[in-house]
Amino acid sequence: MKERLLVTSALPYANGPIHFGHIAGAYLPADIFVRFKRLNGADIVFICGTDEHGVPITLSAEKDQISPKEYVDKYHKVIKGIFDKFNIRFDSFGRTTHPDHYDLTQEFFMNLLKKNLIKPSMAKQYFCASCNKFLADRYVKGTCPKCGHNKARGDECTSCGSWLDVLELKEPSCGICSSVPELRETKHWYLQLQDMSAQLDQWLSEKKHWKENVITWVRSMIKEGLKERAITRDLSWGVPLPLDNTEGKVLYVWFDAPIGYISITKQWARDIGKPDEWKKYWLDPSCRVMHFIGKDNIPFHCIVWPALLMGQVEGYNMPYDVPANEFFNLDGRQFSKSDGWYIDIEDFFTRYKTDSIRYAIAANAPETRDSDFTWKDFQGRNNSELANIYGNFVHRTLAFIIKYFDETIPQQPAKLSEPALKAREEAHRLIDEISSCYNNYEARKACFLIMEMGRLGNRYYDSEAPWATRKSNPDRCAETIGFCTELISYLAYVSYPVIPESAAKLWRMLGNMTEIDMIPWDRIKTIRPAGFKLKNVAILFEKIEDEQIQAEIDTLLKNCEKAGGVKPASPAASTAAPASGPVVNIDDFRKLDLRIAKILEAEALPKSDKLLKLRVSVGGETRQLIAGIAKHYQPQQLIGKNVVIVANLKPAKLMGEVSQGMVLAAKNGDVLALLGPDADISDGSQVS
RNA sequence: GGCGAUGUAGCUCAACUGGUUAGAGCAUUCGGUUCAUACCCGAAAGGUUACUGGUUCGAUUCCAGUCAUCGCUACCA
């Protein structure tokens, strides 16, 4: 039976454009996975859309003097445009302001309410009369009761970092208009997460296949104890409560957002003219639901969202897996438009190709820990991997066919020679390995193995030297080139999930009539392109010049400076480590036995370029020291010198030689200088 | 503050439940080759696995502590 999957990527918040960090965490990995699974014949629906409610949107809209609706319309389009540029293909890119979504969200609420998993309760909250709205904690400003800082936020003091209860804040003012808010009683509804923790824990305990970081993190959260959580707020923008006398109250955005996964699937079903089709994915238990997210979303998708699903009567499929990625930063710091620490995506695509960036991100994806985008890395991935290894292997082979085989892929002999058979075996092994990487969300390793295949091709090509056999052994030459095109077919195919556009283009260059994504994965090993006439052969990946990358780096730094952001420390500023560290007392210092030693003999250690073996005299005693100073001193120039050594250092073995102490030297970058006494003094003298 | 993660070659990362000499790629140096996008192929060099202690015949791996970096801490999506 066909594998059936419903894959989602976290719904981006329609409050601004998304950046590389988002792409690397939740979207590109999902797109690669979906493309791979489709090649394997899986029946998949890939869902995403914009999350369009919540306070930040209302505030941003106000700032721009447009309605929230106009505001999210704008960003829905902007974000969709970005996904198109990245060639991330959702079956449906919906939105949470769709009427279907309102209906379904209210249904979710009512079901939970009936099961007593949502309960109302009264709370005190600041209300700003001039803004005519209740204020979320973080929008109340005031004086911190702990440190007296006068610009503390209601949830946290920005100066001392303490956690605050908004009610203990002194001299509160409205964070939006600065007028004095009043305390009002208001009724809110709370999700009773604590009542579901046993059920959630039981459910999670079965998730043996989840990523370890996800499962341990979530289960420890449950162990710490779940608390009820407010799901409503006083606002006009959002899904209204489906109860009487609750005007001005909407469901909190986090409550309605994940429900979007289902409501958008419904929108999709309607769009394709089969309104019940969504049930195959959400109600049929054979379908696996997978949520690709960034790590910041783990609690929502592994606790809150399953809890919402458990409280329903429909019997929706629970998440089968939640592949969460870590963060993708820009050279060590989170992307931040307000700090000028960002890359303008529109601008980016005027100069670079989609597949270059897809590859660069995938090859460096934050699968197990945070990772970085750097311009240098991007250039390196593009030039030395895509262009030099992958692109060049393709090009040298195809150019050869054009020149010497009349643009037609030569036939391979019925029985291949030994080197080709060995290379084929290796290539087939790589295909299997790449397949399992894609299955395990290891795009990064898959990229590496794709390049391994490219290297395999180049190695084979070099060892066969078809440019020589062309004259000496034309049959062998034809076999070589024929087999290289077989390798290129593999290469195009296995790289398709990551670089779909280039792979498809390459596939067509080889003269294939069938589109690459119509070939099932289990047939790929039998592909034998021969007799095809090449079509539209062209360079796949252009190189990126150093000057251009430097210009990008300069632009980034300039933007950062303009925004008043902190410029990253220039590595050229200082090579010496700052003179600081833990403070020691005099007793600690006295533990060191520092002595003057006279160097009697010095010789280089044969197998080391850094170490010198010294014989020194310390007050009549002779010792052997190993010192890492060979790059800075010739053995001869050391003989007779007085130096300072640590005499009571525990002896250590370096390169098989015992070192009974340590010679002191000062170091700054590449400069190194030995310490010695200012005047002549006998060896063995104590240093204090 | 609490919880968690991470720290391995100049850079980016590997190393299943502890087990020969800690591995790749990029960058570097040297050599080869000329079909190709000045590419490719080969070789070399490069490490006190953050630090300190413990368990063990044996620790990058397990434990404790220290330092550093980062994340989450749920009315910031």
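To find a chain, count down the sequence lines: A is the first, B the second, and so on, and within it residues start at 1.
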Donor-acceptor pair under 3.5 Å, A/Asn392 side chain vs B/A36 base: yes

Answer with base, sugar-phosphate or nothing: what part of the nucleic acid does A/Arg455 contact at a heavy-atom distance below 4.0 Å? sugar-phosphate

Listed by chain and number, what are the side-chain contact (heavy atoms from CB on, under 4.5 Å) partners of A/Arg229, not counting sequence neighbours? A/Leu193, A/Trp254, A/Phe300, A/Val304

In this structure, is the centre-to-centre distance between the rings of A/Phe373 and A/Phe335 below 6.0 Å? no

Contact class for A/Tyr461 vs. all strands (heavy atom < 4.0 Å): base, sugar-phosphate, or nothing? base

Tell me whether the centres of the aromatic rings in A/His22 and A/Phe328 are closer together than 6.0 Å. no

Choosing from B/C39, B/A36, B/A77, which nucleotide comes nearest the side chain of A/Asn388? B/C39

List the steps and the verdict of salt bridge (Lys or Arg N to Asp or Glu O under 4.0 Å) for A/Glu433 and A/Arg429. CA-CA 6 Å; A/Glu433 222 177 313; A/Arg429 192 185 61 76; 2.7 Å; yes

C1' spacing across the pair B/U12 / B/G2, given as an integer number of angstrom: 33 Å

Partner set under salt bridge (Lys or Arg N to Asp or Glu O under 4.0 Å) for A/Arg95, not counting sequence neighbours: A/Glu52, A/Asp73

Does B/U60 pair with anything, Watson-Crick or G-U wobble, both distances under 3.5 Å, and if so, with which nucleotide? none

Kindly confirm whether the side-chain ring of A/Trp467 is stacked on the base of B/C35, judged by centres under 5.5 Å and planes under 30°. yes

With the side chain of A/Arg459 defined as its heavy atoms from C-beta on, choose the nearest nucleotide among B/G71, B/C41, B/A77. B/C41

For B/U69, the Watson-Crick or wobble partner whose two distances fall under 3.5 Å: B/A5

For nucleotides B/C16 and B/A22, find the distance between their C1' atoms and express it as a whole number of Å. 15 Å

Side-chain donor-acceptor pair present, A/Asn15, A/Tyr71, cut-off under 3.5 Å: yes

Expressed as a whole number of Å, how far does the P atom of B/U37 sit from that of B/A43? 26 Å

Polar atoms only, N or O, under 3.5 Å: list the protein pairs with nucleotides 7-13 of chain B and their distances.
{"unit_1": "B/C13", "atom_1": "OP1", "unit_2": "A/Arg444", "atom_2": "NH2", "d": "3.4"}

Using the P atom in both, what is the distance from B/C40 to B/A64, to the nearest Å? 48 Å

Take atom C1' in B/G58 and the same atom in B/C13, then report the distance between them in whole Å. 27 Å

Students often get this wrong, so: under 4.0 angstrom with heavy atoms, is A/Ile303 touching a base, only sugar-phosphate, or nothing? nothing

Within the 3.5 Å criterion, strictly below it, is a donor on A/Thr232 or A/Tyr252 matched to an acceptor on the partner's side chain? no

In whole Å, what separates the C1' atom of B/G25 from that of B/G46? 14 Å

Between B/U60 and B/G18 - C1' atom distance, rounded Å: 10 Å

Once you apply a heavy-atom cut-off of 4.0 Å, does A/Phe393 come out as touching a base, just sugar-phosphate, or nothing? nothing

Determine the contact category for A/Pro56: base if any of its heavy atoms lies under 4.0 Å from a base atom, sugar-phosphate if only primed atoms, P, OP1 or OP2 are that close, otherwise nothing. sugar-phosphate

Using 4.0 Å as the upper bound for N to carboxylate O, is an ion pair formed by A/Glu367 and A/Arg444? no

Categorize A/Lys445 for me: base, sugar-phosphate, or nothing, with a 4.0 angstrom heavy-atom threshold over every strand shown. nothing

For the side chain of A/Phe448, counting heavy atoms from C-beta on, which of B/A24, B/U37, B/C75 is nearest? B/A24

Using a strict 4.0 Å threshold on nitrogen-to-oxygen distance, state whether A/Lys376 and A/Asp546 make a salt bridge. no

Roughly, in whole Å, what's the span from CD1 in A/Ile402 to P in B/C35? 16 Å

For nucleotides B/C51 and B/C30, find the distance between their P atoms and express it as a whole number of Å. 33 Å

So what does A/Lys295 hit on the nucleic acid, given a heavy-atom distance under 4.0 Å: a base, only sugar-phosphate, or nothing? sugar-phosphate

Report which part of the nucleic acid A/Gly380 touches: base, sugar-phosphate, or nothing (heavy-atom distance under 4.0 Å, all strands). nothing

